[in-house]
Amino acid sequence: MVATAEEALAGVRDGASFAVGGFGLSGIPNILIRALYDSGVTGIGVVSNNCGVDGGGLGVLLAAGRIARVTASYIGDNKEFARQYLAGELEVELTPQGSLAERLRAGGAGVPAFYTPAGVGTPVADGGLPLRHHPDGSIAKASQPKEVREFDGREYVLEHAITTDFALVRAAKGDRHGNLVFAKAARNFNPLAAMAGRITVAEVEELTELDPDEVHLPGVFVQRVVVLTPEQAADKAIEKRTVSVEGAPS
């Protein structure tokens, strides 16, 4: 247990790598991301499903030029993410979403690599995906071909596990041992990101006693827990809100 998000991030340094939970803005560790921004660290690597949105989530660190490399499954609606990538300011490794999830899980489970059919026959396996561009838009650095093997008549590509210096996650409930429970859609990349971090920090909305049967992530994967205030716990942004237009048919 630590008292504040700032204390929870003790030891972070320039160039460190972070696995960050969440999907879009759902289930993101917003308070820890802000504390990371306030710490002033730069040149960091981020592994997350995406890199937030313009002005939200990891997008705040991105806009400040603090992120040097991103491993993600898609760029999404983040215009600044796309701009930095195409301008050669940011290195980006795009990975199939399921492969990214399993790479994080494998890192936490001590599995160094695994074979998957996802990406076979595409640049994911064959190489050539742009990792970094020149300012003129040409490719400065491209991905290398990956090992492909055949099992039972089907081809599979070798993907390597991911481990990071830190992991930042958000949970609905947690206990003093670091056991965590995630709410609904927030149980997306959070457990997987938590497994991949050498030091995993969880911001929890409620500190309580947990029935072992309800635990989503055991505390063995969590080193630091910070309990949010009610105001912080209620701070949950929405990517896009769909509203009805007055006078339109229902």
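Atoms considered below: every heavy atom in the structure, side chains included; atoms not considered: hydrogens, waters and symmetry mates.
Hydrophobic clustering of Ile, Leu, Val, Met, Phe, Trp and Tyr side chains at less than 4.5 Å, counting indirect connections, unites Leu192 with Val47. Put simply, Leu86 and Ile139 are part of two different groups of oily side chains (I, L, V, M, F, W, Y) that touch within less than 4.5 Å, one to the next. Under a hydrophobic-cluster definition in which Ile, Leu, Val, Met, Phe, Trp and Tyr are linked whenever side-chain heavy atoms come within less than 4.5 Å, directly or via other members, Val70 and Ile44 are assigned to the same cluster. Under a hydrophobic clustering in which Ile, Leu, Val, Met, Phe, Trp and Tyr are joined whenever their side-chain heavy atoms come within less than 4.5 Å, directly or via other members, Val41 and Ile33 fall into the same cluster. Neither Ile31 nor Val225 shares a network with the other; the hydrophobic side chains, linked directly or stepwise wherever heavy atoms of I, L, V, M, F, W or Y lie under 4.5 Å apart, form separate groups for each.
The side chain to side chain donor-acceptor pair (under 3.5 Å) test with Glu89 is passed by exactly one of Arg132, Arg83, Gln84: Arg83.
Within the 4.5 Å cutoff, side-chain heavy atoms of Val124 are placed close to those of Pro96. Contact check for Ser39 versus Val12: side-chain heavy atoms found under the 4.5 Å cut-off. Considering only heavy atoms from C-beta on, Pro191 comes within 4.5 Å of Arg187 through its side chain. Under the 4.5 Å side-chain criterion, counting only non-hydrogen atoms from C-beta, Leu9 is in contact with Leu168. Side chains of Leu131 and Glu93 form a contact here, defined as non-hydrogen atoms less than 4.5 Å apart. Using a 4.5 Å cut-off on side-chain heavy atoms (C-beta onward), Val222 and Leu217 make contact.
Among pairs with a residue in residues 48-88, those fulfilling ring pair (Phe, Tyr, Trp, His ring centres under 6.0 Å) read Tyr85-His133, at least two apart in sequence or across chains. Counting only residues at least two apart or in different chains, ring pair (Phe, Tyr, Trp, His ring centres under 6.0 Å) contacts with residues 3-26 comprise Phe18-Phe166.
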Run the side chain to side chain contact (heavy atoms under 4.5 Å, CB included) test on Thr164 and Val46 for me, step by step, so that the C-alpha distance in whole Å, both residues' side-chain angles and the decisive distance to 0.1 Å come before the verdict. CA-CA 9 Å; Thr164 56; Val46 169; over 6 Å; no
Starting from the C-alpha separation in whole Å, work towards a yes-or-no answer on side chain to side chain contact (heavy atoms under 4.5 Å, CB included) for Leu228 and Val204. CA-CA 6 Å; Leu228 304 182; Val204 302; over 6 Å; no
Take Asp213 and Val215 through the side chain to side chain contact (heavy atoms under 4.5 Å, CB included) test and state the conclusion after the steps. CA-CA 6 Å; Asp213 283 342; Val215 171; over 6 Å; no
With side chain to side chain contact (heavy atoms under 4.5 Å, CB included) as the criterion, how do Thr95 and Arg103 come out once you've worked through the C-alpha distance, each side chain's angles and the decisive distance to 0.1 Å? CA-CA 10 Å; Thr95 303; Arg103 290 177 69 189; 3.5 Å; yes
Please report the C-alpha distance between Glu203 and Arg224 in whole Å, then the side-chain angles of each, then the deciding distance to 0.1 Å, and finally whether the salt bridge (Lys or Arg N to Asp or Glu O under 4.0 Å) criterion is met. CA-CA 9 Å; Glu203 58 180 60; Arg224 301 172 187 171; over 6 Å; no
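In this structure, Arg198 contributes its side chain and Ala167 its backbone to no donor-acceptor pair below 3.5 Å. In this structure, Asp175 contributes its side chain and Thr208 its backbone to no donor-acceptor pair below 3.5 Å. Under a 3.5 Å cut-off, the side chain of Ser143 and the backbone N or O of Leu129 do form a donor-acceptor pair. Here the side chain of Thr200 pairs a donor or acceptor atom with the backbone of Ala194 at under 3.5 angstrom. For the pair Asn188 (side chain) and Ala185 (backbone), a donor-acceptor distance under 3.5 Å is present. Judged by distance alone, with hydrogens and angles left aside, the side-chain atoms of Asn190 form a donor-acceptor pair with the main-chain N or O of Arg170 at under 3.5 Å. His216 contributes a side-chain N or O that, together with a main-chain N or O of Phe182, makes up a donor-acceptor pair within less than 3.5 Å. Distance alone, capped at 3.5 Å, places no donor-acceptor pair between the Ser48 side chain and the Cys51 backbone.
Taken from CD in Glu214 to CG in Asp211, the straight-line distance is 5.5 Å, to the nearest 0.5 Å. Atom-to-atom distance recorded for Arg69:CZ and Leu90:CG is 9.5 Å, nearest 0.5 angstrom. Remark: Leu210 CG to Arg176 CZ distance equals 11.5 Å, nearest 0.5 Å.
Heavy-atom minimum distance, Ala118 versus Ser99: CB-OG, 3.7 Å. Of all heavy-atom pairs between Gly219 and Asn179, the closest is N-OD1, 2.7 Å. Gly27 and Ala186 make their closest contact through CA-CB, 3.7 Å (heavy atoms, listed as atom of the first residue, atom of the second, distance). Nearest heavy atoms, Leu32 versus Ala8: CD2-CB, 4.2 Å. Nearest heavy atoms, Ala82 versus Ile75: N-CG2, 3.9 Å. Closest approach of Asn49 to Ser73, counting heavy atoms only: OD1-OG, 2.7 Å.
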Report, one line per pair, each donor and acceptor closer than 3.5 Å where one atom sits in a side chain of residues 152-161; sequence neighbours left out.
residue: Glu159; atom: OE1; partner: Lys146; partner atom: NZ; Å: 3.0
residue: Glu159; atom: OE2; partner: Lys146; partner atom: NZ; Å: 3.1

Output a table of donor-acceptor pairs, distance under 3.5 Å, between side-chain atoms of residues 54-68 and any protein atom two or more places apart or on a different chain; print 'none' if there are none.
residue: Asp54; atom: OD1; partner: Lys79; partner atom: N; Å: 3.4
residue: Asp54; atom: OD1; partner: Glu80; partner atom: N; Å: 3.0
residue: Asp54; atom: OD2; partner: Lys79; partner atom: N; Å: 2.9
residue: Arg66; atom: NH1; partner: Tyr37; partner atom: O; Å: 2.9
residue: Arg66; atom: NH2; partner: Tyr37; partner atom: O; Å: 3.4

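Using a 4.0 Å cut-off between a side-chain N of Lys or Arg and a carboxylate O of Asp or Glu, Lys236 and Glu205 qualify as a salt bridge.
Applying the side chain to side chain donor-acceptor pair (under 3.5 Å) criterion to Arg105, with sequence neighbours excluded, gives Glu102. Among residues two or more places apart in sequence or in another chain, the side chain to side chain donor-acceptor pair (under 3.5 Å) test is passed with Glu206 by none.
For CD of Glu150, the number of neighbouring non-hydrogen atoms (other residues, nucleotides, ligands) closer than 6.0 Å is greater than 12.
Side chain to side chain, Asp14 and Thr42 fail the donor-acceptor criterion of an N or O pair below 3.5 Å.
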